[in-house]
Amino acid sequence: MAKIRPFRAYRPAPGWAEQIAALPYDVYNREEATRIVQENPYSFLAIDRAETGFGPEVDAYAPVVYQRAAKLLRKRIREGCFLQEEVPCFYLYEQEFAGRSQTGIVACASIDDYLQGVIKKHENTRADKEEDRIRHVDVCSMHTGPIFLACRKEPRIREIIAGIRKQEACLDFVAQDQVRHRVWVVDREETIGAIQDAFDRVPALYIADGHHRCASAVKVGLLRRQQHPDYTGEEEFNRFLAVIFPEEELSILDYNRVVRDLNGHTVPEFLKLVGEKFQVESLGQTPYHPGRRGTFGMYLEDTWYRLVAREEIRDRDVVGGLDVSLLQNHLLGPVLGIQDPRTDARIDFVGGVRGLEELVRRVHTDMKVAFSLYPTSIGELLDVADGGRLMPPKSTWFEPKLRSGLFLHGLDE
């Protein structure tokens, strides 16, 4: 069963949240992050991406960068930008965007649950990306960005969330990207106990987004255990910061693909090869967003096409049957030569929140062909994780993104 714990969060002091809250560190490249920090020095990106305080001659992963992050974080706390909770609490975090909302419970999850498979993953991680966050968390001694977790439906959790939402929120603001953020503090002992009892009925938690942050947080916890061989398990470094959403709260957007060239094929040759595994229908200038599984949009030479996977390539396997797998295994790989989408520089990925117009723009600028996909469902994600399997890279796009800086978890508290 999933073990979660309340914690004494550092949270933005009154009046500071809107200025501090920032999108996750990995949403931006260095140039973009630097521009944001220059416009707003109190953005949490100044801490999460501390290289923004240096010129381009300083490597983003130099020791001085992580030292700056730690010093700046402590400075902001001393200045009163953050206040720490007096007692351990849970929190309710609601995001509202484009007519829908998602509400989750902010808590600390167990690194042992991750190690024992109670917290399940659906993607592999890369060592270089882990190393960056390991150093950031370790030097700052703080979890600064929550891991996005999901759980299967549990009626009692839904009841508790509904009850808390009837109370007055302690934080309510609309960010520049029009996402509304609301936070409730859960400090009553009976409600804290009810939440923990409800999660005792939950057999597993699932990483929806933040695989690298999660793996890094766990490795920092293991490092601290080595440094403190007399640890009891009650120390804060045995846990990491998370927001846990019931599956019914979540919606996954499409994660589309753009490719730089046709792998040496002419357009007629390419269309003929695609037609061997997919039914191909020209739609002219009409953009196509797939409305069901097994269908794909393709934009090439100012023309939209609808692709429908032929029956012989349909796969009932929990991973092989995913639309991202069908596209990769029967078009991107064999036709376009994209064997490893994680490392091939000829392919890029476009989150569905940017719309089909972004695919058109990319094809008109730096790419040759674009593909729109039907979104992976949250049920498919959970089934893949339950089967101990892994999804292809860039299978899911969650929107809105959790903000960094609204909740901080200290490892030394």
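Within the 3.5 Å criterion, the main-chain N or O of Gly15 finds no donor-acceptor partner in the side chain of Glu18. For Gln95 (side chain) and Gln102 (main-chain N/O), no donor-acceptor pair under 3.5 Å exists by modelled atom type.
Arg11 forms no cation-pi arrangement with Phe82, by the criterion of a distance under 6.0 Å to the ring centre and an angle within 45° of the ring axis.
Scanning for salt bridge (charged side-chain N to carboxylate O under 4.0 Å, His left out) contacts around Lys3 gives Asp200, with sequence neighbours left out. Remark: Arg180 pairs with Glu96, Asp172, Val174, Arg182 by the side-chain contact (heavy atoms from CB on, under 4.5 Å) rule, at least two apart or across chains. Legend: residues meeting salt bridge (charged side-chain N to carboxylate O under 4.0 Å, His left out) with Glu248, ordered by chain and number and at least two apart, are Arg158. Checked against side-chain contact (heavy atoms from CB on, under 4.5 Å), Arg260 has the following partners two or more places apart in sequence or in another chain: Arg346, Asp366, Met367. Partners of Arg8 by salt bridge (charged side-chain N to carboxylate O under 4.0 Å, His left out), not counting sequence neighbours: none found. Residues passing the side-chain contact (heavy atoms from CB on, under 4.5 Å) test with Pro63, sequence neighbours excluded: Gln67, Arg135. In this view, Glu131 satisfies the side-chain hydrogen bond (donor to acceptor under 3.5 Å, both in side chains) rule with no residue, not counting sequence neighbours. With sequence neighbours excluded, the residues forming a side-chain contact (heavy atoms from CB on, under 4.5 Å) with Pro287 are Trp304, Leu356, listed by chain and number.
For the residue pair Asn124/Arg342, the side-chain donor-acceptor check at 3.5 Å is not satisfied. Counted by atom type alone, Tyr93 and His181 present one or more donor-acceptor pairs between their side chains at under 3.5 Å. A donor-acceptor contact closer than 3.5 angstrom links the side chains of Asp302 and His364. The closest side-chain donor-acceptor pair between Asp132 and Tyr66 falls under 3.5 angstrom. Side-chain atoms of Glu130 and Ser216 include no donor-acceptor pair closer than 3.5 Å.
By the 30° and 60° cut-offs, the orientation of the rings of Trp16 relative to Tyr42 is tilted.
Here salt bridge (Lys or Arg N to Asp or Glu O under 4.0 Å) pairs that include residues 370-386, with residues two or more places apart or in two chains, are Lys120-Asp386, Arg152-Asp383, Arg152-Asp386, Arg293-Glu380. For the salt bridge (Lys or Arg N to Asp or Glu O under 4.0 Å) condition, the pairs that include at least one residue of residues 49-59, sequence neighbours left out, are Arg49-Glu51.
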Under 3.5 Å, which donor-acceptor pairs link side chains of residues 137-148 to any protein atom two or more places apart or in another chain?
residue: Asp138; atom: OD1; partner: Arg224; partner atom: NE; Å: 3.2
residue: Asp138; atom: OD1; partner: Arg224; partner atom: NH2; Å: 3.2
residue: Ser141; atom: OG; partner: Arg224; partner atom: NH1; Å: 3.4
residue: Ser141; atom: OG; partner: Arg224; partner atom: NH2; Å: 3.3
residue: Ser141; atom: OG; partner: Asp412; partner atom: OD1; Å: 3.3
residue: Ser141; atom: OG; partner: Asp412; partner atom: OD2; Å: 2.5
residue: His143; atom: ND1; partner: His409; partner atom: ND1; Å: 2.9
residue: Thr144; atom: OG1; partner: Asp48; partner atom: OD1; Å: 2.8

For residues 316-327, which side-chain donor-acceptor pairs fall under 3.5 Å, sequence neighbours excluded?
residue: Asp317; atom: OD1; partner: Arg389; partner atom: NH1; Å: 3.2
residue: Asp317; atom: OD2; partner: Val319; partner atom: N; Å: 3.0
residue: Asp317; atom: OD2; partner: Gly320; partner atom: N; Å: 2.8
residue: Asp317; atom: OD2; partner: Arg389; partner atom: NH2; Å: 3.1
residue: Asp323; atom: OD1; partner: Gly294; partner atom: N; Å: 3.0
residue: Asp323; atom: OD2; partner: Gly294; partner atom: N; Å: 3.1
residue: Ser325; atom: OG; partner: Val319; partner atom: O; Å: 2.7

Tyr255/Phe349 under side-chain contact (heavy atoms from CB on, under 4.5 Å): CA gap, chis, key distance, verdict: CA-CA 7 Å; Tyr255 212 164; Phe349 305 88; 3.6 Å; yes

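We find the CD1-CG distance between Ile313 and Asn329 to be 9.0 Å, quoted to the nearest 0.5 Å.
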